[in-house]
Novice: 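Submitted below is the structure of interest, expressed as structure tokens.
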There are 4 protein chains.
Amino acid sequence: MIVTILGFKGGIGKTTTAVHLAAYLSQYDKTLIVDGDPNRSASSWAGRGKLPCDLCDEQSAIKLAKSYEHIVIDTKARPEPEDLEALLKGCDKLILPTTPDALALDALILMLKAMPQGANYNILLNIVPPKPSKMGEEAIKFLEDAGLQVYPFVIRRFTAYQRAALKGVTVYESGDRMGKIAWSDYQRLGREVLNV
Amino acid sequence: MIVTILGFKGGIGKTTTAVHLAAYLSQYDKTLIVDGDPNRSASSWAGRGKLPCDLCDEQSAIKLAKSYEHIVIDTKARPEPEDLEALLKGCDKLILPTTPDALALDALILMLKAMPQGANYNILLNIVPPKPSKMGEEAIKFLEDAGLQVYPFVIRRFTAYQRAALKGVTVYESGDRMGKIAWSDYQRLGREVLNV
Amino acid sequence: MIVTILGFKGGIGKTTTAVHLAAYLSQYDKTLIVDGDPNRSASSWAGRGKLPCDLCDEQSAIKLAKSYEHIVIDTKARPEPEDLEALLKGCDKLILPTTPDALALDALILMLKAMPQGANYNILLNIVPPKPSKMGEEAIKFLEDAGLQVYPFVIRRFTAYQRAALKGVTVYESGDRMGKIAWSDYQRLGREVLNV
Amino acid sequence: MIVTILGFKGGIGKTTTAVHLAAYLSQYDKTLIVDGDPNRSASSWAGRGKLPCDLCDEQSAIKLAKSYEHIVIDTKARPEPEDLEALLKGCDKLILPTTPDALALDALILMLKAMPQGANYNILLNIVPPKPSKMGEEAIKFLEDAGLQVYPFVIRRFTAYQRAALKGVTVYESGDRMGKIAWSDYQRLGREVLNV
DNA sequence: TGAGTTAGAATGGCACCACCCGTC
DNA sequence: GACGGGTGGTGCCATTCTAACTCA
């Protein structure tokens, strides 16, 4: 399965999503992360420690692809509208992470106007403030009302992710107290992705 | 005074910084925000409500500039290295907001390698988690150790900013409980900017 | 019990009455709202949030009716006189909400001339201005003097109803400050309806 | 000038608007109210007292029209979409009163989808709660954001209107304490109508 | 008829409490 | 395991304005 993580702007946890989804998939089969981001964020993550899956850049991806069962592609931010069609064709599943704030949601809806009908994509609410806040549910409701496909669950905000990035590992292996709890969010996403 | 807000990646509160710094400056003199971001984030903010200062795009900026005492420029993310020199010459002060996480700091240091010596810039730690967390101080220490110019204070993370963006006003006028406290962070920044 | 809410003109709180009476009845038994209004007001209300009872249109009503203990029918405004007899036969109780202003009362009396003798109906004064105003009592006295069957209590006017409609819930669950007080009016109506 | 008052649902002050706008126009020229409402609300109003302008039904309107400078038409509620075009052609100005609650606004927007482009119409916020409430401004903002033509002022809610209807006169002549204040709202509307 | 008084509704402000993340 | 702090919810006070009553 080829999963593409697409971000329309920076700072919405695109790389974190790619790394942890790949980590989940690698529990079941050989998985490769393709770091297509100009910032090389995923490579920077992996370079600090040891991820449970392999990583390469876009150039090497074509050659390596045939050896892996699952491929997670971390694309560059702000794709041109003409790239959208090609991105959709080149993957089995397109995941669009976003933060639940107004500016990000606006930019997301603007970009999705160029999305072809019937595309196999899903919006993923990311970096959602902890429970007293209702931003996550409100954002899901807002996007659903706009007729968009949104995952009915969210990835919560935890400091553990930043600490994991610093160590170059996943939250599950970060040794952080909230690591297991944070990991459960990505287990939920992983189950959803594998069921399709 | 012309202040340029430069972001090397998205989601680090560039627009929030531009809007609130301009709001601070407008207390003392006529201030203009130039929205150079391709997402038109500042315009989107202002369009929802009423900001205490005027706003225009880059094209109109040249004509309007002479009528304003202070100009705050919200640039596009990920400038090309060759743009850096021009940006520095075109302003009195360059502010580079960043979040205190490892990935953002890495990208920032990477970009600052292309920065000319003696440039009049300052890094601003933004969206810093609340006090039990030491991320803000650690990031400041890390950047100072790397020989970079960092403001010795930070802008804290508050939900009030997102609510203010939704209403199209500054946190000070958002009526939010933490609005005044959040505003005090930008007062600190504003004082620092005006003293130079 | 089948309760029909009949309005002779728009804007007299017919849908609000149907929704809240159904919510009261659903505390005791399974209740269904039948949205017979061409504007689909009740459906619009329920579509915004979550009502404590089910809802269907007139076509589905026949099939669903047997599964419910109580049915509240929100009819279309301005029924033809020949529909009156059928409406009366098709329910256990007919409630005619009206506002306490002269124009609405005139139209109501005009319509009730076509009402058969001995019919099991009751007029409900709705959207009554707050207490310094005597419109509610005056309207009740006026209708009683005209020999009509009027409930001896009223439903007061509150902004909470509009906010509840916006949220798609009942006033009791709207979280509004006056919500509980407004709900007490419908509790009074509900008790009266169940006692018959 | 021929002004048509069109209501998509009942209870939104259509007749009150027709009567008071006609009263305003009759200060300057001979004015006729055409009572096209099946409830004969305007006739009921006039029948109780004395209005400063004449009144007739739709049948007599054609014959009487030539003797009057201004004609205000009170149409029936819930016009069929195919009537819209004819209504627009048959008048110089179309006024659509509405209350500022969510249900009425929804129904209004639904109806305006059938409105031809470039039509000379204006929405009038009517029966607006007194000042601590922000419903009036919010409704205006909501309708403007939807791209509709709304008058930038509102007609406030006053009990004086109901008392005036009972007496069969305008609020200005009702002797009510708030009568003059209420009348000023319709003066604002009348000036706007005559300027066009 | 006009002015002052009182009751009640609606918004906005502030203080208090519960919950949970994040550090020690 | 304990503490500090942000976030949301509830309840209370102040303000403004309508609507009715009373007095001159």
Side-chain angles (χ1 to χ4, degrees), chain A residues 100-101 127-138 156-164 171 174-182 185, chain B residues 100-101 127-138 156-163 167 171 173-182 185, chain C residues 100-101 127-138 156-164 171 173-182 185, chain D residues 100-101 127-138 154 156-164 171 173-182 185:
Chain A
D101 61 288
I127 319 183
V128 174
K131 198 188 269 175
S133 171
K134 295 190 167 179
M135 287 201 169
E137 333 170 8
E138 283 175 5
R156 287 169 288 177
R157 161 166 38 94
F158 286 105
T159 323
Y161 288 113
Q162 303 184 358
R163 216 172 343 254
V171 277
S174 68
D176 201 283
R177 171 164 356 179
M178 308 303 287
K180 303 288 174 66
I181 299 173
D185 287 351
Chain B
D101 61 289
I127 320 184
V128 175
K131 201 184 243 171
S133 172
K134 298 194 165 179
M135 288 204 167
E137 326 170 11
E138 284 173 6
R156 287 169 287 177
R157 171 185 6 113
F158 285 104
T159 329
Y161 287 113
Q162 303 184 359
R163 219 177 331 260
K167 294 175 79 172
V171 276
E173 294 165 327
S174 68
D176 200 281
R177 178 162 2 167
M178 309 303 287
K180 302 289 174 67
I181 299 172
D185 287 352
Chain C
D101 61 289
I127 319 183
V128 175
K131 201 187 256 173
S133 171
K134 297 194 166 178
M135 287 203 168
E137 328 170 11
E138 284 173 5
R156 287 168 287 177
R157 157 158 51 85
F158 285 106
T159 322
Y161 287 113
Q162 304 185 359
R163 218 179 330 262
V171 277
E173 295 165 327
S174 68
D176 200 282
R177 172 146 18 159
M178 309 302 287
K180 302 290 173 67
I181 299 173
D185 287 351
Chain D
D101 61 290
I127 320 184
V128 175
K131 198 187 265 176
S133 171
K134 294 190 165 181
M135 287 202 168
E137 332 170 9
E138 283 174 5
V154 303
R156 288 169 287 178
R157 168 177 18 105
F158 286 105
T159 323
Y161 288 114
Q162 303 185 358
R163 214 170 346 252
V171 278
E173 296 163 328
S174 68
D176 200 282
R177 165 144 25 156
M178 309 303 286
K180 303 288 175 66
I181 299 173
D185 286 351

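Since the structure is predicted, the reported quantities are computational estimates derived from the model, not experimental observations. We name chains A, B, ... by the order of the sequence lines, and we start the count at 1 in each one.
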Novice: Is there a side-chain contact between A:Met135 and A:Arg157 (heavy atoms, below 4.5 Å)?
Specialist: no
Novice: Would you please name every residue forming a side-chain contact (heavy atoms from CB on, under 4.5 Å) with C:Arg163, sequence neighbours left out?
Specialist: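 Checked C:Arg163 against side-chain contact (heavy atoms from CB on, under 4.5 Å); matches are C:Thr159, C:Asp176.
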Novice: Please list, chain by chain and in numerical order, all residues satisfying side-chain hydrogen bond (donor to acceptor under 3.5 Å, both in side chains) with C:Glu173, sequence neighbours excluded.
Specialist: C:Thr170
Novice: Base, backbone or nothing for each nucleotide of nucleotides 16-24 of chain F, written B, S, -, heavy atoms under 4.0 angstrom, 5' to 3'?
Specialist: BSSSBB---
Novice: Could you list the residues that satisfy salt bridge (Lys or Arg N to Asp or Glu O under 4.0 Å) with A:Asp185, not counting sequence neighbours?
Specialist: A:Arg156
Novice: What are the two closest non-hydrogen atoms of B:Gly179 and B:Ser174, and how far apart are they?
Specialist: CA-OG, 4.5 Å
Novice: Would you kindly give the CD-to-P distance between A:Glu137 and F:dG8, to the nearest whole Å?
Specialist: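 So the CD-P distance, A:Glu137 to F:dG8, works out to 11 Å.
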Novice: In whole angstrom, give the distance that lies between atom CD1 of B:Ile127 and atom C1' of F:dG6.
Specialist: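 Between C1' of F:dG6 and CD1 of B:Ile127: 16 Å.
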Novice: When the C1' atoms of the five terminal pairs at each end define the local axes, what inter-axis angle does the helix from E:dT1-F:dA24 to E:dC24-F:dG1 show, to 10 degrees?
Specialist: 10°
Novice: Which two nucleotides bound the region of DNA chain E that has atoms under 4.0 Å from heavy atoms of chain A, read 5' to 3'?
Specialist: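 Endpoints of the contacted stretch of DNA chain E: E:dC21 to E:dC24.
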Novice: In chain order, what residues pass the ring pair (Phe, Tyr, Trp, His ring centres under 6.0 Å) check against A:Tyr161, with sequence neighbours excluded?
Specialist: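 Listed in chain order: A:His20, A:Tyr186.
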Novice: In the structure I gave you, are the side-chain heavy atoms of B:Phe158 and B:Ile181 within less than 4.5 Å of one another anywhere?
Specialist: yes
Novice: Could you work out, with side-chain contact (heavy atoms from CB on, under 4.5 Å) as the rule, every residue matching A:Lys134, not counting sequence neighbours?
Specialist: A:Glu137, A:Glu138
Novice: Of all residues at least two apart in sequence or in a different chain, which pass the side-chain contact (heavy atoms from CB on, under 4.5 Å) check with C:Val128?
Specialist: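 Counting only residues at least two positions away or on another chain, C:Val128 forms a side-chain contact (heavy atoms from CB on, under 4.5 Å) with C:Pro100, C:Leu125, C:Val154.
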